[in-house]
Enquirer: 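Can you read through this structure? Questions will come right after.
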Amino acid sequence: MSKPVHQNLVDFLVTGSFGLFSDPIMRVGGEKCTYQIPTYEALKGILSSVYWKPTIIWYIDRVRVMNPIQTEVKGIRPIKYNGGNDLSYYTYLKDCCYQVQAHFEWNDNRPELAQDRNENKHHCIAKRMIERGGRRDVFLGTRECQGYVEPCVFREGEGAYDSLPELSFGLMYHGITYPDEAYSPEAQGHMTARFWYPVMRNGVIEFPRPENCPLHKPLREMEMKIFSDTLQNFSGLKEFGEVN
């Protein structure tokens, strides 16, 4: 087996009875329709629920679709805060099962947390949290779609699309870049949406890095939250000082 590009890789299996990885275009009028595959942002959110610190940024490298892609339409009564009743139809993915491989890198936009850059510590904690099912609730795209996480070996076992050479999904939402994870000076101080053209090859989808997505759309201006001992919103900094 070849040596992995990143030494802090994590592999995990995420499952759930239903998933809703919404296409923003299909939300007009309150209806929600899922993509056929999970988005980069949704998988990153799952991993962030398992373990996250502002010191690191999770990068989803690839996902493997294990079960056949099936959808189910449900009639939903969404909450209407101005009174009355309403009925919408949501299209969900059914019987979801995905193998995911990811790694983390240091967040260079947060030099104030440089003392927390202990790769072995974060990697060990992340693997331990995957074994325990995560620190917070896991859901597949939306809150009503409960998900479950457990360790796995990527590419182990039989997948539904292992023998399918190639399948394209057209233009798809990749994720949102927030100011604290900005990858270029142009992205600083903005919330930016990213789009790409995913292709599944033998059941596996390789994700590009956020900065390599072909389409970027600035949404609005946004300032980055600062962590410091003075603001008393990250006590770990004080602990590091006492150790040194």
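Here the structure is a predicted model, which is why all the values come from computation and not from measurement. We use all heavy atoms of the structure for the numbers below, so side chains are in, but hydrogens, waters and symmetry mates are not.
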Enquirer: Report the residue from Tyr51, Trp52, Trp106 that forms a side-chain hydrogen bond (donor to acceptor under 3.5 Å, both in side chains) with His122.
Expert: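 Of the listed residues Tyr51, Trp52, Trp106, the side-chain hydrogen bond (donor to acceptor under 3.5 Å, both in side chains) partner of His122 is Tyr51.
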
Enquirer: Looking at CD1 of Ile130 and CG of Leu47, how far apart are the two atoms once the value is rounded to the nearest 0.5 Å?
Expert: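 That separation rounds to 6.0 Å.
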
Enquirer: Once you round to the nearest 0.5 Å, how far does CZ of Phe21 lie from CG of Leu43?
Expert: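 One gets 6.5 Å once the value is rounded to the nearest 0.5 Å.
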
Enquirer: Considering only heavy atoms from C-beta outward, does the side chain of Tyr197 approach that of Pro214 to under 4.5 Å?
Expert: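 Sidechains of Pro214 and Tyr197: in contact.
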
Enquirer: Please check this pair: side chain of Asn202 against backbone of Ser163, looking for a donor-acceptor N/O pair closer than 3.5 Å.
Expert: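 No, because the side chain of Asn202 does not come within donor-acceptor range (under 3.5 Å) of the backbone of Ser163.
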
Enquirer: I want to check something: taking the side chain as every heavy atom from C-beta on, are Phe12 and Pro151 in contact at a cut-off of under 4.5 Å?
Expert: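 No, every pair of side-chain atoms sits at 4.5 Å or beyond.
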
Enquirer: Minimum heavy-atom separation for Cys152 to Leu13, with atom names?
Expert: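 Closest heavy-atom pair between Cys152 and Leu13: SG-N, 3.7 Å.
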
Enquirer: Evaluate the criterion side-chain contact (heavy atoms from CB on, under 4.5 Å) for residue pair Leu215 and Leu171; output intermediate values, then yes/no.
Expert: CA-CA 10 Å; Leu215 298 173; Leu171 180 65; 3.6 Å; yes

Enquirer: Does NZ or CZ of Lys74 come closer than 6.0 Å to the centre of the six-membered ring of Phe18, within 45° of the ring's axis?
Expert: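 Lys74 over Phe18 ring: yes.
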
Enquirer: Considering only residues two or more places apart or on different chains, which pairs with a residue in residues 131-149 satisfy salt bridge (Lys or Arg N to Asp or Glu O under 4.0 Å)?
Expert: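 Checked against salt bridge (Lys or Arg N to Asp or Glu O under 4.0 Å) - neighbours excluded - the pairs reaching residues 131-149 are Asp137-Arg143.
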
Enquirer: Mark yes or no for whether Gln99, through its side chain, and Arg155, through its backbone, hold a donor-acceptor pair below 3.5 Å.
Expert: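 Looks like yes, one N/O pair under 3.5 Å.
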
Enquirer: Report, as yes or no, whether the 6.0 Å neighbourhood of atom CD on Glu166 holds more than 12 heavy atoms from other residues, nucleotides or ligands.
Expert: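 For Glu166, atom CD is crowded (more than 12 foreign heavy atoms under 6.0 Å).
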
Enquirer: Could you work out, with side chain to side chain donor-acceptor pair (under 3.5 Å) as the rule, every residue matching His216, not counting sequence neighbours?
Expert: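 Side chain to side chain donor-acceptor pair (under 3.5 Å) check on His216 returns Tyr183.
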
Enquirer: Can you check whether Tyr98 reaches Pro38 side chain to side chain, under 4.5 Å on heavy atoms?
Expert: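 Side-chain contact under 4.5 Å: yes.
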
Enquirer: Please say yes or no: joined through hydrophobic side-chain contacts below 4.5 Å, possibly via intermediate residues, are Val63 and Phe154 part of one cluster?
Expert: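 No, it is not one cluster - the side chains of Val63 and Phe154 are not joined through contacts under 4.5 Å.
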
Enquirer: Which one of Tyr40, Phe104, Phe207 satisfies the ring pair (Phe, Tyr, Trp, His ring centres under 6.0 Å) criterion with Trp58?
Expert: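 Of all the options given, the one that passes is Phe104.
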
Enquirer: Would you check if there is a donor-acceptor pair between the side chains of Asp11 and Gln101 at a distance under 3.5 Å?
Expert: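 Looking only at side-chain atoms, Asp11 and Gln101 do form a donor-acceptor pair, the distance falling under 3.5 Å.
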
Enquirer: Taking atom NZ of Lys32 and atom OH of Tyr92, what is their separation to the nearest 0.5 Å?
Expert: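 Reported value, rounded in 0.5 Å steps: 7.5 Å.
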
Enquirer: So is Arg194 actually on top of Tyr173's ring, under 6.0 Å and inside 45° of the axis?
Expert: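 Ring-cation test returns no.
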
Enquirer: For the atom pair OH (Tyr148) and OG (Ser17), what is the distance rounded to the nearest 0.5 Å?
Expert: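 If I round to the nearest 0.5 Å, the distance is 7.0 Å.
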
Enquirer: Please report the closest heavy-atom contact between Glu41 and Ile176, naming both atoms and the distance.
Expert: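 So the minimum-distance heavy-atom pair works out to OE1-N, 3.2 Å.
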
Enquirer: Take Met200 and Tyr161 through the test side-chain contact (heavy atoms from CB on, under 4.5 Å) and record every step on the way to the result.
Expert: CA-CA 9 Å; Met200 181 170 65; Tyr161 299 97; 3.8 Å; yes

Enquirer: Between Lys121 and Asp116 (salt bridge meaning N to carboxylate O under 4.0 Å), is one present in this structure?
Expert: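 Salt bridge flag = yes for Asp116 with Lys121.
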
Enquirer: Nearest 0.5 Å please: distance from the CD1 atom of Ile69 over to the OG1 atom of Thr34.
Expert: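 Answer for the CD1-OG1 pair, Ile69 versus Thr34, is 10.0 Å.
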
Enquirer: Atom CG of Leu167 and atom CD1 of Ile37: how far apart are they, to the nearest 0.5 Å?
Expert: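 Result: 8.5 Å between the selected atoms.
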
Enquirer: Locate the shortest heavy-atom distance separating Ile60 from Ala102; write the atom from each residue and the value.
Expert: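 Ile60 and Ala102 have their closest heavy atoms at CD1-CB, 3.8 Å.
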
Enquirer: Over all heavy atoms of both residues, which pair between Leu140 and Cys96 is shortest? Give the atoms and the distance, please.
Expert: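 Taking Leu140 first and Cys96 second, the nearest heavy atoms are CD2-CB, 3.5 Å.
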
Enquirer: Is there a continuous path of hydrophobic side-chain contacts, each under 4.5 Å between heavy atoms, that joins Val14 to Tyr35?
Expert: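 In one cluster: yes.
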
Enquirer: Walk me through whether Tyr90 and Thr142 qualify under side-chain contact (heavy atoms from CB on, under 4.5 Å).
Expert: CA-CA 11 Å; Tyr90 291 4; Thr142 189; over 6 Å; no

Enquirer: For the backbone of Pro210 and the side chain of His174, can you confirm whether one donor and one acceptor N or O come within less than 3.5 Å of each other?
Expert: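 Checking the backbone N and O of Pro210 against the side chain of His174, no donor-acceptor pair under 3.5 Å is found.
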
Enquirer: May I ask you to decide whether Arg117 forms a salt bridge with Glu105, counting only side-chain N to carboxylate O separations under 4.0 Å?
Expert: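 No, this pair does not count.
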
Enquirer: Measure from the ring center of His103 to the ring center of Tyr59 and say whether it is less than 6.0 Å.
Expert: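 His103 vs Tyr59: aromatic centres under 6.0 Å.
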
Enquirer: Taking all non-hydrogen atoms of both residues, which atom of Asp95 and which atom of Asn67 are closest, and how far apart?
Expert: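 Residues Asp95 and Asn67, closest heavy atoms: O-ND2, 3.1 Å.
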
Enquirer: How far apart are the C-alpha atoms of His123 and Val10, what are their side-chain angles, what is the distance that settles it, and do they pass the side-chain contact (heavy atoms from CB on, under 4.5 Å) test?
Expert: CA-CA 8 Å; His123 191 209; Val10 294; 3.9 Å; yes

Enquirer: Are side-chain heavy atoms of Gln70 and Leu93 found at a separation under 4.5 Å?
Expert: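 The answer is no, as the side chains (C-beta and beyond) never meet within the 4.5 Å cut-off.
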
Enquirer: Are a donor atom and an acceptor atom from the side chains of His190 and Tyr178 found within less than 3.5 Å of each other?
Expert: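 On atom types as modelled, these side chains do not qualify, holding no pair under 3.5 Å.
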
Enquirer: What's in the same ILVMFWY side-chain cluster as Val199, cut-off under 4.5 Å, chained through other members?
Expert: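 Reading the cluster by chain and number, Val199 sits alone, since nothing else belongs.
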
Enquirer: Salt bridge (Lys or Arg N to Asp or Glu O under 4.0 Å) for Arg64 and Glu156? Distances and angles first, verdict last.
Expert: CA-CA 10 Å; Arg64 184 180 180 212; Glu156 189 175 82; over 6 Å; no

Enquirer: Would you kindly confirm whether Val204 and Val100 end up in one hydrophobic cluster when ILVMFWY residues are joined by side chain heavy atoms under 4.5 Å apart?
Expert: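 No, Val204 does not connect to Val100 through the hydrophobic network.
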
Enquirer: Minimum heavy-atom separation for Thr192 and Pro218, please, with both atom names.
Expert: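 That would be CG2-N, 4.0 Å.
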
Enquirer: Taking Asn107 for the side chain and Asp180 for the main chain, is one N or O donor matched with an acceptor at less than 3.5 Å?
Expert: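 Such a contact is found between Asn107 side chain and Asp180 backbone.
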
